[in-house]
Novice: 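Here's a structure for you.
Residue numbers begin at 1 in each chain, while the letters A, B, ... track the order of the sequences. Side-chain atoms are counted along with the backbone in the values below, which use heavy atoms only and exclude waters and symmetry mates.
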Amino acid sequence: MHKRRLQQIFRTLFKTYGPQHWWPAKSRFEVMVGAVLTQNTAWSNVERAIASLREAGVPSAEAMLALGDTELARLIRPSGYFNVKAKRLKALCRWYLDHGGRRRLRHWPSARLRESLLSVHGIGPETADDILLYAFDHPVFVIDAYTRRLLGRLGHPQAQAAYEEFRGSLESALGADTGLFNEYHALIVAHGKSVCRPRPRCEECVLSGKCEFGSAKKPPSPRPSP
DNA sequence: ACCCAGGGTCATA
DNA sequence: TATGACCATGGG
C-alpha cells in the first residue's frame with residue numbers, strides 16, 4: 001500500500017474521530033504498566049486496575065517491586081490474567097531499574113531499546129512498540145489486531161504478514177514520524193472500538209478500498225450537501 | 001450462553 | 001513456521 005493511500009486513510013480517521021491525545025496515562029511509568037495490562041484485555045478493565053494501583057500508592061517501579069507477587073496480582077485483578085501480568089510487570093520494573101530508568105534509557109537508539117525490551121519476559125513486539133512510541137517517543141508504527149483488521153480490509157497486502165514485515169512496510173512508506181504514528185495508532189483503535197468489529201463485519205470496511213468510515217456513503221445519494 | 005477485548009509464552013508437529 | 005492451550009476479568 002502506497003504512502004498516499006495511508007495518508008488518505010489517516011485523514012479520514014482524523015476527520016471522523018478527531019485528535020485522541022494518547023497514551024491515556026498520567027505518567028511515563030503508567031504508560032508502561034498500561035501496555036502490559038492491556039494485553040488481550042478491554043481498556044475499561046485496565047482502567048480499574050490502574051485506579052487500584054493509584055489508590056494503593058504504586059506510582060513507580062520501586063514501589064511496584066516492593067510488593068509481593070500475590071499482592072500485586074490482587075491489585076490488578078480487574079485487568080484479567082492477574083497472576084501472569086503481576087510477574088510481567090515486575091520483570092519490566094526490574095529491567096527498567098537495572099538499566100538506569102528513563103534517565104539512561106531515553107538516550108538509547110530505537111533498535112537497541114526495542115531489542116532489550118523484547119528480552120524481558122512477557123514483553124512481545126506489540127507491547128514493546130507501545131512502550132517505544134508512547135513512553136519513549138520513538139517513531140514506531142504499533143501493530144495490533146485492530147491495525148491488521150482495518151488495513152487488511154482496506155487491501156493492504158501485508159496486513160497478515162509477520163509483525164516485523166508489516167511494521168516495516170508501514171514505517172518505510174510513511175517515513176519516521178513520532179507524532180503521526182502516535183495519532184495513527186490511536187485513531188485505528190478508536191475506529192476499532194466503534195465500528196470496525198470482527199462481527200458483524202464492518203459494512204464500510206469490507207468494501208475494501210472505498211471505506212470512508214461511515215460518513216457520506218451508505219445511501220449513495222448523488223448530492224450530499226454539508 | 002456465547003463472543004470479544006489495545007498479547008505473550010510454551011509445548012508440539 | 002504454524003497452530004493450539006493457557007492465562008481470567010468484565011461488557012455486550
Novice: Could you check which of C:dT9, B:dA5, B:dG8 has an atom nearest any side-chain atom of A:Thr127?
Specialist: B:dG8
Novice: When all nucleic acid strands are considered with a 4.0 Å heavy-atom cut-off, which category describes A:Val84: base, sugar-phosphate, or nothing?
Specialist: sugar-phosphate
Novice: Look up atom CD1 in A:Ile143 and atom CD1 in A:Ile188, then write down how far apart they are to the nearest 0.5 Å.
Specialist: 7.5 Å
Novice: Rounded to whole angstrom units, what separation is found between the CG atom of A:Asn83 and the P atom of B:dC10?
Specialist: 16 Å
Novice: At 4.0 Å (heavy atoms only), tell me whether A:Arg88 reaches a base, stays on the sugar-phosphate, or touches nothing.
Specialist: base
Novice: On DNA chain B, compare the nucleotides closest to A:Trp22 and A:Leu118; which residue's is nearer the 5' end?
Specialist: A:Trp22
Novice: Look up atom CG in A:Leu151 and atom CD in A:Gln160, then write down how far apart they are to the nearest 0.5 Å.
Specialist: 10.0 Å
Novice: Which nucleotide wins on minimum distance to the side chain of A:Asn45, given the candidates B:dG7, B:dC4, C:dG10?
Specialist: C:dG10
Novice: From CG of A:Leu37 over to P of C:dA8, roughly how many Å is that when rounded to an integer?
Specialist: 13 Å
Novice: Heavy atoms from C-beta onward define the side chain here; which of C:dA8, C:dG10, B:dA5 lies closest to that of A:Arg77?
Specialist: C:dG10
Novice: Whole angstroms only, please: what is the CH2-C1' distance between A:Trp43 and B:dC4?
Specialist: 18 Å
Novice: With rounding to the closest Å, how many angstrom separate the C1' atoms on B:dA5 and C:dA2?
Specialist: 24 Å
Novice: Quick one: label A:Ile188 by what it contacts on the DNA or RNA (base, sugar-phosphate, nothing), any heavy atom closer than 4.0 Å.
Specialist: nothing
Novice: Could you give the CD-to-P distance, from A:Gln160 to C:dA2, as a whole number of Å?
Specialist: 12 Å
Novice: Expressed in angstrom and rounded to an integer, what is the separation of A:Glu47 atom CD from C:dT9 atom C1'?
Specialist: 14 Å
Novice: Could you tell me how far apart A:Arg197 (CZ) and B:dC2 (P) are, to the nearest whole angstrom?
Specialist: 20 Å
Novice: With heavy atoms under 4.0 Å as the rule, sort A:Asp130 into base, sugar-phosphate or nothing.
Specialist: nothing
Novice: In whole Å, I'd like the distance from the CG atom of A:Leu89 to the C1' atom of B:dG8.
Specialist: 13 Å
Novice: Touch check for A:Ser79, heavy atoms < 4.0 angstrom, all strands: base, sugar-phosphate only, or nothing?
Specialist: nothing
Novice: Do A:Asp129 and A:Tyr134 have side-chain N/O donor and acceptor atoms under 3.5 Å apart?
Specialist: no
Novice: Does any nucleotide pair with B:dA1 by Watson-Crick or G-U wobble geometry, both distances under 3.5 Å, and what is it?
Specialist: none
Novice: Using a 4.0 Å heavy-atom cut-off, does A:Asp144 contact any base of the nucleic acid, only the sugar-phosphate backbone, or nothing at all?
Specialist: sugar-phosphate
Novice: With side-chain contact (heavy atoms from CB on, under 4.5 Å) as the test, pick out the partner of A:Leu117 among A:Thr127, A:Asp130, A:Leu92.
Specialist: A:Leu92
Novice: Under 4.0 Å, counting only non-hydrogen atoms across every strand here, what does A:Lys85 touch: a base, just sugar-phosphate, or nothing?
Specialist: nothing
Novice: Which residue lies toward the 5' end of DNA chain B, A:Lys193 or A:Gly122, if each is placed at its nearest nucleotide?
Specialist: A:Lys193
Novice: When all nucleic acid strands are considered with a 4.0 Å heavy-atom cut-off, which category describes A:His121: base, sugar-phosphate, or nothing?
Specialist: sugar-phosphate
Novice: Counting neighbours of NE2 on A:His107 that are heavy atoms of other residues, nucleotides or ligands and sit closer than 6.0 Å, is the number greater than 12?
Specialist: yes
Novice: With no hydrogens and no angle check, is any side-chain donor or acceptor of A:Lys90 less than 3.5 Å from a backbone partner on A:Leu67?
Specialist: yes
Novice: Less than 4.0 angstrom between a side-chain N/O of A:Arg149 and OP1 or OP2 of B:dA5, yes or no?
Specialist: yes
Novice: Rounded to whole angstroms, how far apart are OH on A:Tyr81 and P on B:dG8?
Specialist: 12 Å
Novice: Just compare C:dG10, C:dA8, B:dG8 and give me whichever is closest to any side-chain atom of A:Arg48.
Specialist: C:dG10
